[in-house]
Amino acid sequence: MTTTRNGDNGPAPPLAILAELTHRCPLRCPYCANPLELERAAGELDTETWARVLDEAAALGALQVHFSGGEPSVRKDLEALTAHAARAGLYTNLITSGVLVDQARLEALAAAGLDHVQLSIQDSAPGNADRIGGFAGGHERKMAFARWVRAAGLPLTVNAPVHRQNLDRLGDIIDLAASLGARRLEVAHVQYYGWAYRNRAALMPTRAELDRATETVERARARLKGTMAFDYVVPDYYARRPKACMGGWARQFLNVTPTGKVLPCHAAETIPELAFDSVLNRPLAEIWRDSAAFQQFRGTDWMPKPCRSCERREIDWGGCRCQALAITGDAAATDPACALSPHHGALVALAEADSHATTPPFVYRRHGGHAGKEP
Ligand code: SF4
Ligand code: FES
């Protein structure tokens with residue numbers, strides 16, 4: 001337990017709320033972070049409820065809202081929610097694929113108080129970008145969208161998930177982001193949960209490819225210093241110590257799903273023993289403080305050996321619970337990305353085997369719950 005900004009006992013407030021407005025999305029990225037079972041449009045929270053959630057988040061002490069999805073611009077009330085969040089004093093960030101927003105709508109969002117845009121790109125080569133995202137013509141639309149973002153005077157971050165099917169062009173991807181006027185580029189090696197876990201063998205780079213990518217990023221970081229900032233996320237499977245996933249469980253973020261469930265992490269629903277409260281039944285502040293799912297892995301009391309006595313326990317907070325579950329079957333185990341985990345060898349062996357196998361076709365998600373193979 002830490003201390004709130006008001007000095008009471010209890011967890012410090014979240015920095016940000018991730019508002020997953022919808023799971024609807026025109027793209028079908030094979031590493032999608034959304035759950036395997038998507039929530040339907042009919043169950044989505046209405047505008048009034050989202051507005052209340054935003055007010056509650058601001059009252060709780062959150063500083064930012066990330067409007068996310070699925071594709072958040074599918075929601076016709078995105079402008080209204082942006083304006084509401086801005087009035088509540090939240091810094092507003094739109095995380096989007098950019099393919100559904102025209103210039104007029106972007107300007108309307110800017111006028112509503114949007115502070116920042118995060119655009120995902122799949123590749124620098126248009127054909128491969130469209131194949132990966134499963135959306136013909138998507139890359140061209142994204143390029144136009146990025147120009148409109150800059151024309152509207154909004155800061156742009158480009159998110160570039162990388163994997164064995166686009167890593168060869170990492171240098172071009174970096175140049176593309178710079179040419180679009182991005183202030184920040186996130187080069188994120190795919191993390192293998194949910195749908196990405198299913199496509200692991202089609203996405204996993206070899207260790208040599210990872211090393212080359214890291215060199216490319218480091219050279220570009222030096223070259224573009226002062227122009228474009230970099231975030232670089234390496235694949236856990238090749239790490240020696242895990243990342244502090246979500247900044248530590250229930251420490252900095254909360255995630256509200258399209259139907260109102262409140263999760264400590266976007267993938268938390270993969271952990272079957274957790275039950276989640278909903279904004280429809282409980283105030284957000286109470287959920288943040290008391291919800292069983294938030295309490296389960298908050299802090300260090302839950303930790304097994306060797307985390308419990310490890311000097312990094314308040315640096316990485318034991319790594320990622322969802323990955324621990326996916327690899328060991330136990331969400332409370334030490335993250336196998338850690339070399340001190342008894343499962344680390346198995347994780348590395350999995351990565352080596354996947355990365356050297358023949359690349360299988362992508363398995364794409366389809367709305368309606370069925371999986372489809374690459375044509
Ligand atoms: Fe982090 Fe636990 Fe590994 Fe220590 S033993 S580095 S706390 S995952
Ligand atoms: Fe859920 Fe890491 S993805 S804790």
Side-chain angles (χ1 to χ4, degrees), residues 11 14-18 20 23 29 31-37 66 68-69 95 159 161 163 186 188-200 203 231 233-257 261-276 287-288 291-348:
L15 282 179
I17 166 175
L18 189 79
E20 277 181 6
H23 279 161
C29 303
Y31 40 74
C32 179
N34 284 338
L36 296 180
E37 291 296 324
H66 302 289
S68 151
I95 302 175
N159 288 348
H163 44 82
E186 181 175 313
H189 285 268
V190 165
Q191 304 290 311
Y192 296 96
Y193 336 108
W195 208 259
Y197 193 75
R198 203 173 266 204
N199 278 303
R200 230 177 41 219
L203 295 164
D231 286 327
V233 180
V234 299
D236 278 342
Y237 282 39
Y238 291 124
R240 288 195 53 75
R241 293 288 181 265
K243 62 183 182 306
C245 197
M246 303 305 293
W249 185 269
R251 290 191 73 249
Q252 298 186 346
F253 299 101
L254 58 81
N255 193 84
V256 182
T257 73
K261 276 177 279 181
V262 188
L263 318 178
C265 131
H266 58 278
E269 286 180 283
T270 59
I271 303 176
E273 68 262 31
L274 296 182
F276 303 101
I287 297 175
W288 174 252
S291 167
F294 281 71
Q295 303 259 31
Q296 185 86 18
F297 302 118
R298 180 180 264 147
T300 55
D301 288 352
W302 62 273
M303 286 182 174
K305 288 182 188 170
C307 300
R308 184 175 278 275
S309 55
C310 176
E311 61 186 18
R312 286 183 55 85
R313 66 187 179 280
E314 292 194 6
I315 298 172
D316 63 35
W317 301 96
C320 177
R321 297 305 88 227
C322 302
Q323 179 152 269
L325 177 90
I327 302 296
T328 73
D330 177 6
T334 295
D335 185 341
C338 179
L340 300 175
S341 156
H343 299 278
H344 185 67
L347 188 81
V348 174

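Atoms considered below: every heavy atom in the structure, side chains included; atoms not considered: hydrogens, waters and symmetry mates. Atoms within each ligand, like the ligands themselves, are counted from 1 in listed order.
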Element-labelled atoms of ligand 1 that are located less than 4.0 Å from some non-hydrogen atom of [X]:
| X | value |
| --- | --- |
| R241 | 6 (S) |
| L340 | 5 (S) |
| P306 | 5 (S) |
| R313 | 7 (S) |

Tell me: protein heavy atom nearest [atom], and distance?
| atom | answer |
| --- | --- |
| atom 3 (Fe) of ligand 1 | C338 SG, 2.3 Å |
| atom 7 (S) of ligand 1 | D316 OD1, 3.4 Å |
| atom 4 (Fe) of ligand 1 | C310 SG, 2.4 Å |
| atom 2 (Fe) of ligand 1 | C307 SG, 2.4 Å |

Of all the heavy-atom pairs spanning [X] and [Y], show the shortest one and how long it is.
| X | Y | answer |
| --- | --- | --- |
| L274 | A293 | CD2-CA, 4.3 Å |
| A268 | L263 | CB-CB, 4.2 Å |
| V234 | Q191 | O-NE2, 3.2 Å |
| Q323 | A337 | NE2-CB, 3.7 Å |

How far does [atom1] of [X] sit from [atom2] of [Y], to the nearest 0.5 angstrom?
| X | Y | atom1 | atom2 | answer |
| --- | --- | --- | --- | --- |
| W249 | R321 | CH2 | CZ | 8.5 Å |
| D335 | H343 | CG | NE2 | 11.0 Å |
| F294 | I287 | CZ | CD1 | 7.5 Å |

Exercise for the section: For ligand 1, indicate whether the residue P242 contacts it via side chain, backbone, both or neither (heavy-atom separation under 4.0 Å). Expected result: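 It is the side chain that gets close, since no backbone atom is under 4.0 Å.
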Exercise for the section: Would you check if the side chain of R308 reaches a backbone N or O of D301 as a donor-acceptor pair within less than 3.5 Å? Expected result: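 It does hold such a pair.
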Exercise for the section: Would you confirm whether Q252, through its side chain, and A250, through its main-chain N or O, come within 3.5 Å as a donor-acceptor pair? Expected result: no
Completion exercise
Only one of P242, C307, C320, P306 passes side-chain contact (heavy atoms from CB on, under 4.5 Å) with C338, and that residue is P242
Problem - Close approach, D335 and ligand 1, non-hydrogen under 4.0 angstrom - result: no
Exercise for the section: Test the R313-W302 pair against the cation-pi criterion, namely NZ or CZ under 6.0 angstrom from the six-membered ring centroid and within 45° of the ring axis. Expected result: no
Practice task
Using a strict cut-off of under 4.0 Å between a residue heavy atom and any atom of ligand 2, list the qualifying protein residues by chain and number.
Solution key: Y193, C245, W249, C265, C320, R321, C322
